[in-house]
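For reference, the structure is listed below as structure tokens.
FYI, the numbering just counts along the sequence from 1. Atoms within a ligand are numbered from 1 in the order they appear, just like the ligands themselves.
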Amino acid sequence: MIFHEQKKAQSEIHYKEEELSITNVGVVGCGLMGSGIAEVAATSGFKVTVREMNSDLLEAGQKRIRKSMDRAVEKEKLTPEERDAAWECLTFVTALEDIAHCDIIIEAIVESLELKNALFSELDGLCSPDTIFASNTSSLTITDMAANARADRFVGLHFFNPVPVMKLVEVVRTIATSEETYDRAFEFAKALGKVPIAAKDNSGFVVNLLLVPYMLDAIRQLERGVASVQDIDTGMSLGCGYPMGPFMLCDFVGIDTLYKISEIMFDEYREERYAPPPLLKRVVAMNRYGRKTGKGFYDWSGETPVPLPL
Ligand code: CAA
Ligand code: NAD
């Protein structure tokens with residue numbers, strides 16, 4: 001825990017460890033988000049156990065974390081010693097039982113209520129009743145998951161992509177989340193060096209309620225022939241100072257994930273602005289999932305992303 005103490009001092013994070021009482025952190029899913037969450041928890045000094053479906057996916061996630069940590073060293077955000085200490089905090093497993101000892105388990109698997117509920121129901125049978133369950137869902141309600149597993153110890157912890165860079169975490173409580181669980185989850189987000197905000201348990205919480213229709217509207221603009229991918233992206237970056245335009249953001253989030261989010265939010269609100277545009281469906285059907293698979297609205301195989309014909 002020496003490394004943990006150092007990090008706390010460095011980042012001036014103040015929390016009462018006895019109140020937080022979280023030492024072991026479980027992360028389920030080591031894709032884009034799970035790898036980032038595991039990295040941030042490990043560099044904050046927590047003991048982290050990461051679970052993936054099989055050894056190939058686990059190895060891919062492991063490599064993603066290592067690459068990101070190495071980049072942090074290159075950028076002098078971490079010393080090599082800190083990186084090595086953080087790496088030592090990570091354990092990679094494929095058996096769900098091997099994560100059961102954790103004080104908090106953060107789920108970051110694909111955006112499917114059925115799969116998330118199957119996972120939480122299995123975890124509920126394996127973990128101590130004290131373990132906090134947290135979901136990183138983008139668009140499902142926490143209530144839909146918590147209703148089937150320890151509702152009083154269930155929260156939403158919604159991180160943003162890329163997790164090592166984005167400071168925000170939305171902390172979500174349902175009407176059944178206990179005060180103690182919520183406070184511990186909120187303090188835990190702070191202990192990761194993040195800025196937590198309280199969000200109501202509605203589909204899309206605070207940020208995605210605004211951000212998702214923005215991305216979908218950009219696709220609708222393209223469908224209507226208003227401008228090209230490149231020009232819409234340049235417009236929003238240079239005209240509004242956004243760090244990247246909406247199509248690059250779609251590729252960044254994952255187009256398969258955006259499609260699932262859009263379906264879930266449309267199902268919830270039945271409002272046109274959340275409906276998946278047909279072009280989004282077509283791009284997913286072509287397995288163009290964005291940066292993570294090399295092609296989305298852009299081709300990511302070269303030095304710089306190149307817009308693809310649509
Ligand atoms: N992992 C770790 N660090 C990363 C990173 C990654 N994947 N990508 C970039 N960085 C770091 C870089 O090391 C760099 O650090 P320094 O400034 O210390 O050098 C910094 O971030 C800036 O990176 P770059 O200079 O390489 O590139 P950039 O200036 O274009 O920034 C970006 C990259 C931070 C991703 C920026 O483009 C950005 O903020 N984009 C918008 C991201 C965003 O909107 N995220 C929210 C997505 S929606 C969501 O997450 C919710 C949901 O449920 C879908
Ligand atoms: P991803 O497709 O990159 O990763 C999901 C990973 O979960 C895959 O590697 C898959 O093998 C693994 N997985 C599936 N079922 C599993 C199980 N039962 N046990 C262990 N691993 C399992 O997806 P992602 O972008 O990391 O999204 C994960 C979650 O985070 C989703 O709920 C998504 O909505 C949410 N989210 C995504 C973003 C984003 O920008 N991509 C941002 C915030 C939240």
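The aromatic rings of Tyr269 and Tyr274 sit tilted relative to each other, their planes meeting at an angle between 30° and 60°.
With respect to the salt-bridge test (charged N to carboxylate O, under 4.0 angstrom), the residues Glu179 and Arg173 qualify. With respect to Glu187 and Lys190, a salt bridge is recorded, a charged nitrogen being found less than 4.0 Å from a carboxylate O. The residues Asp98 and Arg51 are annotated as not salt-bridged, no charged nitrogen and carboxylate oxygen being separated by less than 4.0 angstrom. A salt bridge is defined here as a Lys NZ or Arg NE, NH1 or NH2 lying under 4.0 Å from an Asp or Glu carboxylate O, and Lys292 with Asp256 meets this definition.
Of the candidates Glu170, Glu111, Met33, it is Met33 that places a heavy atom closest to atom 26 (O) of ligand 2. Counting heavy atoms only, Ile109 comes closest to atom 29 (C) of ligand 2 of the residues Ile109, Ile99, Val28.
Of all protein heavy atoms, the one lying nearest to atom 33 (C) of ligand 1 is Met244 CE, 5.0 Å. Among protein heavy atoms, atom 34 (C) of ligand 1 sits closest to Val165 CG1, 3.8 Å. Scanning all protein heavy atoms for the shortest distance to atom 26 (O) of ligand 1 gives Arg71 NH1, 4.4 Å. The protein atom (non-hydrogen) at minimum distance from atom 48 (S) of ligand 1 is Leu211 CD2, 3.5 Å. For atom 20 (C) of ligand 1, the nearest protein heavy atom (residue, atom name, distance) is Lys77 NZ, 4.5 Å. Here the heavy atom of the protein found nearest to atom 54 (C) of ligand 1 is Val253 CG1, 3.7 Å. With respect to atom 25 (O) of ligand 1, the closest heavy atom belonging to the protein is Lys75 NZ, 4.8 Å. Residue, atom and distance of the protein heavy atom nearest to atom 50 (O) of ligand 1 are Asn161 N, 2.9 Å.
Backbone and side-chain nitrogen or oxygen atoms of Glu52 are examined, and one is located within less than 3.5 angstrom of a nitrogen or oxygen of ligand 2. Backbone and side-chain nitrogen or oxygen atoms of His158 are examined, and none is located within less than 3.5 angstrom of a nitrogen or oxygen of ligand 2. No N or O atom of Arg291 sits closer than 3.5 Å to an N or O atom of ligand 1.
For Lys295, the NZ atom sits in a loose shell: 12 or fewer heavy atoms of surrounding residues, nucleotides or ligands are nearer than 6.0 Å. Remark: Glu88 CD is loosely packed, at most 12 non-hydrogen atoms of other residues, nucleotides or ligands lying under 6.0 Å away.
A side chain to side chain contact (heavy atoms under 4.5 Å, CB included) with Phe205 is found for one member of Ile197, Thr141, Ile142 and no other, namely Ile142. For the side chain to side chain contact (heavy atoms under 4.5 Å, CB included) criterion with Phe188, the lone passing option out of Ile132, Val169, Ile106, Val171 is Ile106.
When non-hydrogen atoms are compared, ligand 2 lies under 4.0 Å from the backbone of Leu32 as well as from its side chain. Contacts with ligand 2 closer than 4.0 Å are made by backbone heavy atoms (N, CA, C, O) of Phe159 only, the side chain lying farther away.
Arg153 contributes no side-chain N or O that, together with a main-chain N or O of Thr131, makes up a donor-acceptor pair within less than 3.5 Å.
Ligand 1 does not have Tyr242 within reach: every non-hydrogen atom of the residue lies 4.0 Å or more from it. Residue Met33 places no heavy atom under 4.0 Å from ligand 1.
Atoms of ligand 2 found under 4.0 Å from any heavy atom of Leu57 (numbered from 1 in listed order, with element): 11 (O). Atom numbering of ligand 1 starts at 1 in the shown order; those under 4.0 Å from a heavy atom of Leu249 are 43 (C), 44 (O), 47 (C).
By the 4.5 Å heavy-atom criterion applied to side chains, Thr293 and Arg288 are not counted as neighbours.
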